[in-house]
2 protein chains.
Amino acid sequence: MTRVKPKLQTIGHDCTACPIRHRAVCARCEADELQVLENIKYYRSFEAGQTVVWAGDNMDFVASVVTGIATLSQTMEDGRRQMVGLLLPSDFAGRPGRSTSAYDVTAATNLVMCCFRRKPFEELMLSTPHIAQRLLEMTLDELDAAREWMLLLGRKTAREKIASLLCIIARRDASLQLSQTHGELRFDLPLTREAMSEYLGLTLETVSRQMSSLRKQGLIMTEGKRHIIIPDFDQLLEETGDDSDGGFLV
Amino acid sequence: MTRVKPKLQTIGHDCTACPIRHRAVCARCEADELQVLENIKYYRSFEAGQTVVWAGDNMDFVASVVTGIATLSQTMEDGRRQMVGLLLPSDFAGRPGRSTSAYDVTAATNLVMCCFRRKPFEELMLSTPHIAQRLLEMTLDELDAAREWMLLLGRKTAREKIASLLCIIARRDASLQLSQTHGELRFDLPLTREAMSEYLGLTLETVSRQMSSLRKQGLIMTEGKRHIIIPDFDQLLEETGDDSDGGFLV
DNA sequence: AAACATCCTTGATGTAGATCAAAAAATCAT
DNA sequence: ATGATTTTTTGATCTACATCAAGGATGTTT
């Protein structure tokens, strides 16, 4: 089990059959396994804002994101909300062995998920070792991302939080397009200010103010509300507080 | 692959051979697998305060905690630190497929770890499917814990953070002792005020103040600096902001 | 085009927790 | 015990972000 940094390797998101395919082409896939997965999968589409499942609700499938963006969030009794995960194409949702969702899963944009019925998927996992192994790798990546996010939530300033989020989305977006435009990066923010604030542990007003501040200083430019232009990625990166190498996030 | 809530099931910490053993008695273990694990494992002891590995350093083993408590933390260039994991007996550290540690691993108390050399462990994982499956379960639990911690870091007040941490440690401690003393709980805090502050995303002064405040209100009592008595666990639980059921943490 | 609903921005003010500073406990060494 | 070191507590002050409040954009419905 050799592992290489998985971040920028995502090659295909075709969801032809095997969840492994989503993140990188899987050399281990055997034809018959593909066939089995083919038999237990189905697609579901959601519109931006729609909820896929609420925390605590029954969730009899596991799924991976084909297109669009989904969010995982937790809510406290009094309504305080914290986003705990951002699912981009190829990311996995749901958990073998658990029949209810631990989080609210919401479509941030229009969303297509490739779902696998949970029981057959679990059986398949038992009979097909490399699926568990691949899932383990993906889960470990998510754990790294969650821990990097803990650093952000616990120790970064509002400005650093915003810069970090923008860098993460920009990087992920750029890697999807395989466009190596060193210089200017452009992308559509898939999150509202409110969603950003829920992710970053801030209020939406603070998010808005910090965005304005970054704009005034020329670190970012905006077209309309959601389209972001980053004239110099490295310069923005310096505002994140991270060491330049960048991390595991998303 | 049926799963049950793993929290309070921890039965043995004997580290006889199989990492699976640490969390719950493993019904699947076959004698020969145990034998192989026996051959690649070794023990290491650390004193409180000692560092097991620094982030970025070579780490040619994976390990599970036998006794004591270890912490995982990340540091920013300017010295801001955030703890991202607390390893209690039976918890797992290190990651198959990665040769360097992503975090500082530090002994919070005297610590014994059961180490497995990485390469043979990875090979074993490939040839022994249920190890990957068990590791996946454990990693998913850790991911849940990390996400619950994200909610704490992003949205809870200082007071709620302290109450949460105390409840978590108390609960874990109680489960280790299998002592069902409903009423008064007693345990030694394994963390300094500074370590607590690093875990909670606070300063150590704030931790101290909130501890004093809880003490003055009779929610906790202290003997010396580290020994804590919780006269009424449910009462303290109400200060955490969590819904009463409690979560996945630690 | 007017009315409405979202989403975003900006301003004024308040406060939880950080920071700075020092003293008190506890722990350790001689 | 006595002094030295580490850890914790407490106080005074400051500030980053939250909260409260209002006003603009933008898009949608009729």
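Values in this document were obtained by computation on a predicted structure and should not be read as measured data.
For A/Thr206 and D/dA18, the shortest distance from a side-chain N or O to OP1 or OP2 is below 4.0 Å. OP1 or OP2 of C/dA18 sits under 4.0 Å from a side-chain N or O of B/Thr203. OP1 or OP2 of D/dT10 sits under 4.0 Å from a side-chain N or O of B/Ser212. A/Arg226 has a side-chain polar atom (N or O) that falls below the 4.0 Å cut-off from OP1 or OP2 of C/dC8.
On a pure distance criterion of 3.5 Å, no polar donor-acceptor pair joins the side chain of A/Glu205 and the base of C/dC8. A donor-acceptor contact under 3.5 Å links the side chain of A/Arg209 to the base of D/dT19. Remark: the B/Arg159 side chain and the C/dG17 base include no donor-acceptor N/O pair separated by less than 3.5 Å.
Between A/Trp149 and A/Tyr199, the angle of the ring planes stays under 30°, which puts this pair in the parallel group of the 30/60° scheme.
When all heavy atoms of B/Lys161 and B/Gly201 are compared, the closest pair comes out as NZ-O, 3.8 Å.
Picking from D/dA25, D/dT10, D/dC17 the nucleotide with the shortest atom distance to the side chain of A/Gln210 gives D/dC17.
Residue A/Leu202 contributes atom CG, which lies 18 Å from atom P of C/dA16 at whole-angstrom precision. The distance from atom NE2 of B/His227 to atom P of C/dA25 is 21 Å, rounded to the nearest whole Å.
If you check every strand for non-hydrogen atoms under 4.0 Å, A/Gly201 touches sugar and phosphate atoms only.
Residue whose closest nucleotide on DNA chain D sits further toward the 5' end, between B/Lys216 and B/Arg155: B/Lys216. In terms of position along DNA chain D, the nucleotide closest to B/Arg193 lies nearer the 5' end than the nucleotide closest to the other residue of the pair B/Arg193 and A/Gly224.
At least one side-chain heavy atom of A/Lys156 sits less than 4.5 Å from a side-chain heavy atom of A/Asp242.
No donor-acceptor pair closer than 3.5 Å links the side chain of A/Ser208 to the backbone N or O of A/Leu204.
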